[in-house]
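Presented below is the structure to which this report refers.
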Amino acid sequence: MSLPLAATHPRLSVHLFFPIIVIVLTTCSSAFGQSDTQLDTTVVDDTVSIAAAPVTTLLVEDGKYDDGDSLRLFWVPSIDDQLIDSKVTGYRVYRLVNDGAAEPIVDLLPGVGNYTDKNVELDSSYVYYVATLTESGEYPSIHTESISPQREWINFRRGYLFIIMMIISAAIIFYVETAKRGKKLFVRKIAGLEAIDEAVGRATEMGRPVLFIPGISDMDDVQTLAALTILGRVSRTIADYDSKIFMPVSRSLVMTAARETIKTSYQAAGRPDAYNDDMVNYVTDEQFGYVAAVDGLMVREKPATVFLLGAFFAESLILAETGNSIGAIQIAGTARPAQLPFFIAACDFTLIGEELFAASAYLSGEPRMLGSLKGQDVGKAIAMITILLGVVAVTLSEAWGVGIMTDLHAWLVKVFSSS
Amino acid sequence: MRRTTYIVVAGVVLLFGLSWVLHAVSMSGEADGIERAFMITMAAFLTLAIYSFLYKDNPFYKFAEHLYVGVSAAYWMCQAFWSTIVGNLFPRLSEGLSSYFQQPYQASGWNITYWIPVILGIMLLMRLTEKYGWMSRWPLAMIVGTTAGLNFVRYLRSDFVVQVSSTFMPLLGEDPHRWQGFGAFISNLDLSATGQLAAIVSNWVIFIGVICGIIYFYFSKEHSGAFGRASRLGIWILMITFGASFGYTVMGRISLLVGRITFLFKDWLQIIS
């Protein structure tokens, strides 16, 4: 005996009977004078209307050790936020700034229980609430207390960084004081720096000027500062030899600082009358406009010596190649690894990275700068010992699971972490 | 010589005019066809003028150079004035100045932090006078000192602390190639780039490279004996790195050249589509 089609296919039976039930109920509604709304609710209540509990325990706190630019929110997700058959589709965080209107600031996925608002200002007050999102609507939580972000003066998360900084600073101070007491501090020879006097002398003999290019960065770059320190020594030699220097720059502040540096050197050499502001001139801030002008100057003035010291970018090879083509002695130096290959290829001497900073101390011979250089060497020694310890610890920990080495590695990573 | 110069200049002017006319004719249907034709011709002329420096210094290069420097210097000055002084400073200092420059006034009461840069800026300009020129040293000293102080912490983090912790590498491999003993290493020897041997060699190269590199930059000891050999190995590693970097960067520059040549052949000469 064959069963009816609807009986053999339960899903089909639902599809067939559902319209019939609706029609029957609608007819009954008309017959007994009931409203459509009540009947609709009765029919679709279980399938469409999905209510969800709001989030609870909503808390807001000021971001720790920040500049007063973050507030952190925490909450317990809705009890209807489940992994399977969840009614919750997400959460929407609302914010009221200075008791103004509520505005949504972010939509989050289900399961999320925290959010950090990084778009806050110091002098404003903020109130938050979190709405639980479902297919049928939003279910807001209670509002938080009003809170204003606070700025902390000390970031205690960087305690280890502070200790490392203090150790290196103490080493620098120790060596500076040692040098001041007259003890001779040894610094190894740096190739290229010995050639400075020779290069300036060559320019003097040939009757040609010296060109000094301090890179294209502003005074907020330590490479520019190092270049200007070397400029002091170079311009002193130039003043002694009665040679000429010209220095096109791409930053107005560098122009001012360079003029001061050269002026001081000329005064120290006892030749203040030989100084002229036109030795340093501003060209343009535009990178390749500056390069075009310096290249033109090189081929027209034909300097015997070119110094390329400071922060260089894509223009490094263009400048170094032009200097090479006019037969100038070139002494270059930068701490930008991407540009060093070009200087090494096209210049006679190149100060690689740290050597640029060491050069100023080496050239000046001043106790303060030599002490600073020796103090930095203490930092390098610490780095080498720490790397050795860390590598041994992680190797023994990974290969043989030595517990104490695992702890040592974890501690070293914590101390030398980026935060 | 002068006659040759005149002939070359006349020839270039003639070519410029011809290019402009031909482009204008080809763009005759467009609203700003004549202007666009001029701009394309000018861009091509300036590109070729700059490239002419490869031959030798010449009046066309000088023209392009001076135009570039003049326009860019003026542009940066205007940019600094309108964005920094008019855009940032005046709206915080004065309602009158803000309305004069048609900027929205940001009333926040009297705040000394806005006046400090004003005073320092004026002090910097004092160097234009003979008598008060010494005042310009103060803001400069502040810039240099602040820069050194801020960068000390920044570089200590990025160039020291992070570099040290990044070098903590297991010399006998790590997951998924954890060291299981020499026998297991030999029996599972894999020469591919993702194998254990490659991982071990890579970690050793980084470890030795970093230590020898630091030794090269150690200035307090004479580079002789074992220390000197380690230093020489360090500079070798640096040079190999620079060689790779050189090739990589040159490839990038070639792509810039291709971009310019594409402009000349496509937009200007319209030889390629």
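Per chain, numbering begins at 1; letters A, B, ... match sequence-line order. Quick caveat: nothing in here was measured; it's all calculated off a predicted structure.
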Closest approach of Ala293(A) to Glu65(B) (non-hydrogen atoms, all atoms of both residues): CA-OE2, 3.5 Å
Nearest-0.5 Å distance that lies between atom CZ in Arg158(A) and atom CZ in Arg157(B): 4.0 Å
Point-to-point distance, once rounded to the nearest 0.5 Å, from OG1 of Thr167(B) to CG of Leu388(A): 11.5 Å
Between Glu355(A) and Tyr216(B): side-chain donor-acceptor atoms closer than 3.5 Å: yes
Top contributor to chain A contacts, counting heavy-atom pairs under 4.5 Å, from His66(B), Gln163(B), Met239(B): Met239(B)
Top of Leu412(A), Leu389(A), Ile352(A) for chain B proximity - count of heavy-atom pairs under 4.5 angstrom: Ile352(A)
Between CG on residue Leu225(A) and CD1 on residue Ile143(B), distance to nearest 0.5 Å: 10.5 Å
Within-4.5 Å side-chain heavy-atom neighbours: Arg154(B) and Val222(A): no
Part of Phe217(B) lying under 4.5 Å from any heavy atom of chain A: both
Proximity breakdown for Ser169(A) and chain B, heavy-atom pairs closer than 4.5 Å: side chain
Interchain contact, Phe288(A) with chain B, by part (heavy-atom threshold 4.5 Å): both
Flag if over 12 foreign heavy atoms under 6.0 Å of CD1, Ile186(B): yes
Proximal component of Ile344(A), with respect to chain B [non-hydrogen, under 4.5 Å]: side chain
Closest non-hydrogen atom pair between Ser165(B) and Phe416(A), with its separation: OG-O, 2.9 Å
Cation-aromatic face contact Arg300(A)/Phe53(B), 6.0 Å, 45 degrees: no
Ala345(A) portion near chain B, given a 4.5 angstrom heavy-atom threshold: side chain
Phe186(A), CZ atom: more than 12 neighbouring heavy atoms under 6.0 Å: yes
Which atoms of Val210(B) approach chain A - backbone, side chain, both or neither, heavy atom under 4.5 Å: side chain
Per-residue contacts, residues 247-257 of chain B versus chain A, heavy atoms under 4.5 Å: Thr249(B), Val250(B), Arg253(B)
Where Tyr218(B) and Arg188(A) come nearest, the two heavy atoms and their spacing: O-NE, 3.5 Å
Heavy-atom pair count under 4.5 Å with chain B, highest-scoring of Gln339(A), Met219(A), Glu260(A): Glu260(A)
CH2 (Trp236(B)) with more than 12 external heavy atoms under 6.0 Å: no
Engaged part of Val391(A) at the chain B interface, taking heavy atoms whose separation is under 4.5 Å: both
Per-residue contact mode, Met77(B) against chain A (heavy atom under 4.5 angstrom): neither
Phe168(B) and His409(A) aromatic ring geometry - parallel, tilted or perpendicular at 30°/60° bounds: perpendicular
Closest-packed option against chain B by number of heavy-atom pairs under 4.5 Å, given Val291(A), Thr395(A), Val394(A), Asp377(A): Asp377(A)
Structural part of Phe219(B) lying under 4.5 Å from a heavy atom of chain A: both
More than 12 heavy atoms from other groups under 6.0 Å of CZ on Phe81(B): yes
Approximate separation, where rounding is to 0.5 Å, of Asp220(A) CG and Leu150(B) CG: 9.5 Å
Proximity breakdown for Ile211(B) and chain A, heavy-atom pairs closer than 4.5 Å: both
Stepwise side-chain contact (heavy atoms from CB on, under 4.5 Å) test for Asp159(B) and Glu354(A): CA-CA 11 Å; Asp159(B) 291 6; Glu354(A) 177 81 5; over 6 Å; no
CD/Gln287(A): more than 12 non-hydrogen atoms of other groups inside 6.0 Å: yes
Side chain / backbone / both / neither for Ile235(B) at chain A, heavy atoms under 4.5 Å: side chain
Top contributor to chain B contacts, counting heavy-atom pairs under 4.5 Å, from Ala338(A), Ala358(A), Ala314(A), Gly296(A): Ala314(A)
Side chain / backbone / both / neither for Ser220(B) at chain A, heavy atoms under 4.5 Å: both
Structural part of Tyr75(B) lying under 4.5 Å from a heavy atom of chain A: neither
Proximity breakdown for Leu185(A) and chain B, heavy-atom pairs closer than 4.5 Å: neither
Interface residue of largest heavy-atom contact number with chain B, from Val283(A), Ile190(A), Leu228(A), Thr256(A), under 4.5 Å: Thr256(A)
Toward chain B, the part of Ser252(A) with a non-hydrogen atom under 4.5 Å: neither
Top contributor to chain B interface from Ile168(A), Asp221(A), Val299(A) [non-hydrogen pairs under 4.5 Å]: Val299(A)
Which portion of Ile387(A) sits near chain B, non-hydrogen atoms under 4.5 angstrom: both
Identified side-chain contact (heavy atoms from CB on, under 4.5 Å) counterpart of Val161(B) within the set Leu161(A), Val415(A), Thr386(A): Leu161(A)
For the student: nearest non-hydrogen atoms of Val164(B) and Ala383(A), plus distance: CG2-CB, 3.9 Å
Separation of Phe357(A) CZ from Tyr155(B) OH (nearest 0.5 Å): 6.5 Å
Toward chain B, the part of Asp123(A) with a non-hydrogen atom under 4.5 Å: neither
Heavy-atom pair of closest approach, residues Arg178(B) and Glu398(A): NH1-O, 2.7 Å
Nearest-0.5 Å distance that lies between atom CG in Leu124(B) and atom CG in Leu253(A): 5.5 Å
For the student: nearest non-hydrogen atoms of Glu286(A) and Ser72(B), plus distance: CB-CB, 3.3 Å
